[in-house]
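Okay, here's the structure, questions in a sec.
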Protein chains: 2
Amino acid sequence: MKNQALILLDTVERLGNLLRVGLRQAGVAQGLQPIHLQALLYLNEANRYSNTPQALAEYLGLTKGTVSQSLLLLARRRLIARHADDKDGRVVRLTLTDKGKEVLKELGLTNAWRDALQSASPARLSSATKVLKEALATLQARNGYRSFGVCVTCRHNLHIGPRSYVCGLTKEKLSSREVSKICREHSPVEENAA
Amino acid sequence: MKNQALILLDTVERLGNLLRVGLRQAGVAQGLQPIHLQALLYLNEANRYSNTPQALAEYLGLTKGTVSQSLLLLARRRLIARHADDKDGRVVRLTLTDKGKEVLKELGLTNAWRDALQSASPARLSSATKVLKEALATLQARNGYRSFGVCVTCRHNLHIGPRSYVCGLTKEKLSSREVSKICREHSPVEENAA
DNA sequence: GAATAAAGTTTCGACACGATACGTTTCGTG
DNA sequence: CACGAAACGTATCGTGTCGAAACTTTATTC
């Protein structure tokens with residue numbers, strides 16, 4: 001009999017594969033590869049500290065050279081725009097163009113998934129999520145990967161008033177909209193200190 | 001606030017990515033791509049109805065032409081062997097060579113995962129597994145994909161005696177070892193008929 | 001100001017991937 | 001049996017991923 005953890009691994013791997021195949025199929029119409037859609041999805045959620053080629057490379061687990069190629073293609077298709085940073089001349093800011101946002105909207109990537117889970121109770125969903133998030137955090141920590149969570153769950157985030165936030169790392173004010181975006185510097189609050 | 005199902009989707013996607021990056025990294029030493037390792041893993045678990053290029057292509061969600069290329073590389077490296085089928089001259093049987101099995105063993109792909117889940121209780125694990133398996137089955141059914149489960153969970157499998165099984169589809173006897181392998185013709189038993 | 005580091009780009013070679021065309025074998029129907 | 005359709009597999013081509021390494025530009029550090 002197989003270990004319970006390994007069965008879960010099998011299932012997650014199989015689901016990951018399926019989602020990837022779905023991404024590939026979804027991108028066919030636009031002539032986009034899975035990695036392109038992942039990049040667009042990331043940039044759509046990345047906050048102002050995290051919308052750079054380097055951050056994207058870390059998020060995807062690829063080298064910056066590889067990512068640079070994919071970004072070239074996305075820029076050629078006018079799905080993203082590149083701007084030089086005001087302060088630091090080395091960094092490039094990446095933003096979705098209207099066309100890029102449009103593409104994401106039209107894909108409707110989450111519909112099938114939502115349907116597939118509609119019969120599961122919220123309690124079971126959140127329980128499953130908790131297990132997987134723990135696994136994810138552990139794997140990321142072990143490999144020295146960043147967690148790329150949203151500011152709301154970050155220990156640097158300070159809630160200084162109603163709808164008023166400050167990032168303890170950069171000392172900058174963040175809007176309530178911004179704190180629900182993905183950050184490269186995210187560090188999860190430790191719920192249960194080991 | 002985000003839908004609970006979408007949070008789970010995010011987590012699964014992120015985990016899938018991480019596992020894929022892990023596969024890539026694991027294969028570097030052998031000069032193998034993620035898809036190569038996935039192929040080896042599949043062939044290591046495939047039963048005698050399912051060890052063909054076509055079945056592998058369906059499993060991976062790729063075209064047969066693409067898979068043919070990857071198999072060419074694996075055969076060149078002596079990780080798999082190809083044999084013509086006795087009965088049907090069109091089909092090719094794929095088996096791992098000793099070297100191929102060796103490679104899989106040395107990789108130790110599951111260790112990190114096992115560690116990452118060691119703190120989770122078996123009950124939580126099996127609950128999470130159940131949710132994800134349902135989602136997986138739904139997504140596969142909706143897209144017309146095969147489930148690629150093991151015979152034990154297949155409605156064609158008949159338990160005719162102690163350690164004695166017959167596949168209702170092929171009418172062939174299956175060993176107790178074989179019924180825990182992956183089958184292309186797998187069709188899950190319907191626990192809750194809709 | 002020189003050394004060093006960091007962000008990005010470019011180039012190269014190997015390979016994935018789909019599409020298409022092709023060859024072989026099997027099956028079905030008259 | 002002959003013929004065509006279908007299934008399995010291979011080969012080829014074009015586009016693009018991917019890592020490695022060299023390189024440019026801008027910041028930082030001493």
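Keep in mind that this is a model prediction, so the values were computed, not measured.
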- prompt: Would you call A:D85-A:K87 a salt bridge at under 4.0 Å N-O?
  reply: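 No.
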query: For B:L136, which of A:V12, A:L18, A:D10 qualifies under side-chain contact (heavy atoms from CB on, under 4.5 Å)?
result: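 For B:L136, the side-chain contact (heavy atoms from CB on, under 4.5 Å) test succeeds with only one of A:V12, A:L18, A:D10, which is A:L18.
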message: Tell me the interatomic distance from B:D88, atom CG, to C:dT25, atom P, rounded to whole angstroms.
response: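 Distance check: B:D88 CG to C:dT25 P gives 10 Å.
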- prompt: Rounded to the Å, how far apart are B:K87 NZ and C:dT26 P?
  reply: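 About 12 Å, once rounded to whole Å.
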message: I need the single residue from A:V152, A:N47, A:T153 that forms a side-chain contact (heavy atoms from CB on, under 4.5 Å) with A:H186. Which is it?
response: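 With A:H186 as partner, side-chain contact (heavy atoms from CB on, under 4.5 Å) holds for just one option, A:T153.
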query: Is there a side-chain polar atom (N or O) of B:R82 under 4.0 Å from OP1 or OP2 of D:dT10?
result: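 It does, given that an N or O in the side chain of B:R82 lies less than 4.0 Å from OP1 or OP2 of D:dT10.
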task: May I ask you to list the residues of residues 14-28 of chain A, by number, that have any heavy atom positioned under 4.0 Å from an atom of DNA chain C?
output: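 Heavy-atom contacts with DNA chain C come from A:R24.
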- prompt: Going by heavy atoms closer than 4.0 Å, what residues in residues 42-80 of chain B are next to DNA chain C?
  reply: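 Nucleic-acid contacts, sorted: B:L62, B:T63, B:T66, B:S70, B:L73, B:R77.
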field: d(CZ, B:R90; P, D:dC8) in whole Å
entry: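 Atom CZ in B:R90 sits about 6 Å away from atom P in D:dC8.
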- prompt: B:T129 and B:S126: side chain to side chain donor-acceptor pair (under 3.5 Å), yes or no, with the steps?
  reply: CA-CA 5 Å; B:T129 303; B:S126 87; over 6 Å; no
- prompt: What distance do B:R124 atom CZ and A:K130 atom NZ have between them, rounded to the nearest 0.5 Å?
  reply: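 The distance works out to 4.5 Å.
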task: Return the value, rounded to whole Å, for the distance between atom CG of A:D85 and atom P of C:dA6.
output: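 Rounded to the whole Å, the gap is 17 Å.
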query: Would B:E172 and B:Y49 count as having a side-chain donor-acceptor pair, cut-off 3.5 Å?
result: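 Yes - a donor-acceptor pair under 3.5 Å links their side chains.
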- prompt: What is the bend of the helix from C:dG1-D:dC30 to C:dG30-D:dC1 when you compare the axis at one end with the axis at the other, using five pairs each and rounding to 10°?
  reply: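 Nearest ten degrees gives 20° for this helix.
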- prompt: Starting at the 5' end of DNA chain C, which residue's closest nucleotide do you reach first, B:D86 or B:I35?
  reply: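 Its nearest nucleotide being more 5', the pick is B:I35.
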query: In this structure, are over 12 heavy atoms from other groups packed under 6.0 Å from A:R78 atom CZ?
result: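 No, the 6.0 Å shell around CZ holds no more than 12 heavy atoms from other groups.
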field: Electrostatic pair A:E185-A:R146, nearest N-O below 4.0 angstrom
entry: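 Salt bridge flag = yes for A:R146 with A:E185.
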field: B:Q33, nearest nucleotide to its side chain (from C:dC15, C:dA5, C:dT26)
entry: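 For B:Q33, the side-chain atoms sit closest to C:dC15.
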query: Between the main-chain N or O of B:K64 and the side-chain N or O of B:S68, is there a donor-acceptor pair closer than 3.5 Å?
result: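 No: the side chain of B:S68 does not pair with the backbone of B:K64.
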- prompt: In terms of heavy-atom contacts, does NZ of B:K133 have more than 12 from other residues, nucleotides or ligands at under 6.0 Å?
  reply: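 Open: at most 12 neighbouring heavy atoms sit under 6.0 Å from NZ of B:K133.
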CD/A:Q25: more than 12 non-hydrogen atoms of other groups inside 6.0 Å: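 Atom CD in A:Q25 is not packed in, count stays at 12 or less.
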